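Reviewing the structure listed below.
These values consider heavy atoms only, across backbone and side chains, with no hydrogens, waters or symmetry-generated copies. Numbers for residues simply follow the sequence, beginning at 1. Please read these numbers as outputs of a predicted model, since none were measured by experiment.
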Amino acid sequence: MSTENEGTNEGTPVPPAPSAPPVPVESSSAAAPQAPASDAGATTPLPQTPPAAPAAPAAPVGDWPPPAAPQPAPAAAEGNWPPPAAPPTAPAAPAPAAATDGWQNPPTTPLYAEAGVGAGTHAYGDAGAHAYGDAGAPGAGGAGGAGGAGGAGGADGLAWGASYQQPAPKPGRGGRGGLVAAVLVAALVAGGLGGGLGYTLAKNDDNTGSTTVSASTSGGDVKRAAGSVAAVAEAALPSTVTIQAESSNGEGGTGTGFVFDTQGHIVTNNHVVADAVDGGKVTATFPNGKKYDAEVVGHAQGYDVAVIKLKNAPSDLKPLTLGDSDKVAVGDSTIAIGAPFGLSNTVTTGIISAKNRPVASSDGTGSSSSYMSALQTDASINPGNSGGPLLDAQGNVIGINSAIQSTGSGGLGGTSQSGSIGLGFAIPINQARYVAQQLIKTGEPVYAKIGASVSLEDSGNGAKITDQGSGGASAVESGGPADKAGLKPGDVITKLDDTVIDSGPTLIGEIWTHQPGDKVTITYERDSKTHTVELTLGSRKGDN
């Protein structure tokens with residue numbers, strides 16, 4: 001595998017109310033008996049006719065208005081009321097009370113109960129993964145040792161200045177006045193949803209003469225779940241640093257690291273600090289802006305792991321909790337922190353896309369290569385994320401972001417930089433922890449090995465032991481683990497324990513997930529026959 005480190009709501013129009021509604025007259029098939037009027041009558045007396053005008057005869061019942069009468073008939077004199085024809089013994093029938101506003105009482109059930117304007121809502125709305133090149137040129141490399149470094153709505157309605165209360169219905173038929181009243185009621189009900197709100201807002205702001213309503217300045221306390229990305233980032237960011245590394249001639253770049261212990265040790269990638277190993281300068285800057293000078297304690301080219309230590313380290317350092325990368329499952333959530341393209345303290349998220357992904361990468365100089373059985377993630381990782389922590393949903397470190405697969409070329413310090421396409425790779429923390437501890441203890445890396453040189457060609461059929469080792473040495477180290485297990489040049493290793501081996505780099509990366517002294521089972525082919533053998537891994541110190 002070749003990788004790089006890196007509308008409006010208009011209803012039926014309401015007809016205008018007549019300026020003077022006609023006075024309704026009760027009609028029936030027979031004249032209704034009337035009771036004599038008393039001084040304390042329930043109705044307001046009608047105006048008398050002018051003295052000069054002769055009294056007009058009453059129109060027949062049910063024939064209103066009289067055809068020849070241009071004006072309403074004047075009321076009869078009080079002394080002649082009720083008409084003589086009314087039987088004096090007839091039961092009294094109360095006349096309908098005149099409405100104080102001159103309107104006829106509405107019918108019990110409004111005729112246009114659904115003709116109101118509907119109230120609507122207007123929606124106003126709404127890693128320094130330094131670029132690494134080829135997986136390795138064809139040739140021989142020491143398997144496990146010889147390779148090495150390799151909106152607001154509602155105010156649209158009319159603002160009614162006074163509320164309307166429909167009077168209690170009374171007996172009687174409604175005529176034209178009832179229809180108009182029903183429409184008016186419907187209009188008021190509908191207007192109350194939109195216009196009523198507008199009126200309320202205007203009334204509440206009478207002091208300023210404005211209907212603008214200010215939003216609340218406080219949304220209350222925001223509570224986030226302990227396992228949320230925000231909570232994880234809040235806890236991990238203070239323990240993540242942005243690293244600047246420069247060589248003696250000023251060349252270098254930016255990467256990331258994280259606090260490993262309270263003594264000031266910071267874990268990062270080897271390719272982040274490689275330029276500063278011999279007489280260079282390293283600084284680490286925390287998210288709070290505090291910057292510290294640092295020195296390289298140790299670095300492992302093959303593992304692509306390095307440790308730096310802060311000079312005058314603060315006493316309040318909080319190391320990140322290390323998880324168990326062996327228990328990570330495909331689909332688990334991931335959170336990456338780093339400084340992509342120099343943008344410090346950047347947090348991205350994704351999932352574990354694959355495990356045990358064989359990755360062979362380089363720092364772009366061709367002088368060293370790294371091999372890993374990586375955790376693959378689709379969290380966005382770009383140049384500058386390198387060395388930063390890959391966290392699980394609980395905030396535990398499960399890997400060190402190290403490389404990216406890219407369609408472009410170049411990397412940190414190269415002529416071009418490529419970006420994330422969703423294929424990022426991290427060194428499993430179980431491996432990185434062991435390497436970091438060795439670097440802190442001795443300053444040198446310790447690699448597990450089988451003591452045989454294998455081809456770095458990606459044949460897809462396995463890892464073939466070469467006929468000759470590097471520099472003319474024997475391909476199988478005399479007395480080494482492979483030799484003791486009976487392996488010979490030309491054998492093709494196809495499995496290590498239960499892991500399928502398809503190439504030399506895959507074998508090296510898988511061996512380096514183990515520690516010296518571990519026992520492993522090797523499956524290999526010789527003369528078209530499959531054999532299985534158990535061996536104990538040896539060790540090699542240093543990158544040379």
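Counting all heavy atoms, side chain and backbone alike, Arg433 lies closest to Gly323 at NH2-O, 3.1 Å. Residue Val500 comes nearest to Lys495 through the heavy atom pair CA-CG, 4.2 Å, listed as atom of the first residue, atom of the second, then distance. Scanning both residues, Ile421 and Gln405, for their nearest heavy atoms gives CG1-O, 3.3 Å. Among all heavy-atom pairs drawn from Val454 and Gly504, the shortest one is CG2-CA, 3.9 Å. Taking both residues in full, the closest heavy atoms of Ser455 and Thr466 are given as N-CG2, 3.5 Å, listed atom of the first, atom of the second, then distance. Nearest heavy-atom pair, His299 versus Leu439, reported as atom, atom and distance to 0.1 Å: N-CD2, 3.7 Å.
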(message) Let's go through Thr523 and Thr530 carefully: what are the C-alpha distance in whole Å and the side-chain angles of both, what is the deciding distance for side chain to side chain contact (heavy atoms under 4.5 Å, CB included) to 0.1 Å, and is it a yes or a no?
(response) CA-CA 7 Å; Thr523 301; Thr530 301; 3.7 Å; yes

(request) Please assess Phe258 against Ile400 for the test side chain to side chain contact (heavy atoms under 4.5 Å, CB included), listing each intermediate value before the final yes or no. (result) CA-CA 9 Å; Phe258 61 91; Ile400 302 176; 4.0 Å; yes

(request) Could you check Asn345 against Ile337 for side chain to side chain contact (heavy atoms under 4.5 Å, CB included), going step by step and ending with a plain yes or no? (result) CA-CA 6 Å; Asn345 316 316; Ile337 301 179; 5.8 Å; no

(message) With side chain to side chain contact (heavy atoms under 4.5 Å, CB included) as the criterion, how do Gln263 and Ile440 come out once you've worked through the C-alpha distance, each side chain's angles and the decisive distance to 0.1 Å?
(response) CA-CA 11 Å; Gln263 285 71 49; Ile440 294 172; over 6 Å; no

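Side chain of Asp491 to main chain of Ile465: no donor-acceptor pair is present (N/O by atom type, distance under 3.5 Å, no hydrogens or angles). Side-chain atoms of Ser239 come within 3.5 Å of backbone atoms of Lys318 as a donor-acceptor pair (strictly under, hydrogens ignored). Put simply, the side chain of Thr256 gets close to the backbone of Ala339: a donor and an acceptor are under 3.5 Å apart. A donor-acceptor contact shorter than 3.5 Å is absent between the side chain of Asp502 and the backbone of Gly462. Side-chain N or O atoms of Asn270 include none that pairs as donor or acceptor with a backbone N or O of Gly302 at under 3.5 Å. Of the possible polar contacts, none joining the Asp527 side chain to the Lys529 backbone as a donor-acceptor pair under 3.5 Å is found. Ser370 contributes a side-chain N or O that, together with a main-chain N or O of Gln301, makes up a donor-acceptor pair within less than 3.5 Å. The backbone N or O of Asp326 sits less than 3.5 Å from a side-chain atom of Asp324, completing a donor-acceptor pair. Using a distance-only test at 3.5 Å, with no hydrogens or angles considered, no donor-acceptor pair links the side chain of Ser325 to the main chain of Pro428.
Between Arg224 and Glu234 no salt bridge is recorded (no basic side-chain N to carboxylate O distance below 4.0 Å).
Taking the side chain as every heavy atom from C-beta outward, Tyr292 and Ile308 never approach each other to under 4.5 Å. Between Val305 and Ile427 the shortest side-chain heavy-atom distance falls below 4.5 Å. Side-chain contact between Gln437 and Phe260: present, with at least one pair of heavy atoms (C-beta onward) separated by less than 4.5 Å. Residues Pro516 and Leu537 fail the side-chain proximity criterion, which asks for heavy atoms closer than 4.5 Å. You'll find the side chain of Val328 stays beyond 4.5 Å of the side chain of Asp392, heavy atoms only. The shortest distance between side-chain heavy atoms of Glu525 and Thr494 falls below 4.5 Å. Annotation: side chain of Leu456 is in contact with side chain of Pro505 (closest heavy-atom distance under 4.5 Å). Side-chain contact between Met372 and Ser402: present, with at least one pair of heavy atoms (C-beta onward) separated by less than 4.5 Å.
Defined by atom type and a distance below 3.5 Å, a donor-acceptor pair is present between the side-chain atoms of Thr334 and Thr377. A side-chain donor-acceptor contact under 3.5 Å links Ser344 and Thr242.
Distance check, rounded to the nearest 0.5 Å: NZ of Lys355 to CD of Gln376 gives 13.0 Å. Summarising the geometry, atom CD1 belonging to Ile450 is positioned 14.0 Å from atom NZ belonging to Lys484; distances are rounded to the nearest 0.5 Å. Rounding to the nearest 0.5 Å gives a distance of 13.5 Å between CD1 of Ile398 and OG1 of Thr321. Note that the CG atom of Asp261 and the NZ atom of Lys309 stand 8.0 Å from one another [nearest 0.5 Å]. Note that the CG atom of Asn401 and the CG atom of Leu390 stand 5.0 Å from one another [nearest 0.5 Å]. Annotation: the span from Asn461 atom CG to Ile493 atom CD1 amounts to 14.0 Å, rounded to 0.5 Å.
A 6.0 Å sphere centred on CG of Asn288 holds more than 12 heavy atoms belonging to other residues, nucleotides or ligands. In the displayed structure, Asp498 atom CG is contacted under 6.0 Å by at most 12 heavy atoms of other residues, nucleotides or ligands.
Under the 30°/60° scheme for interplanar angles, the aromatic rings of Tyr303 and Tyr447 are found to lie parallel.
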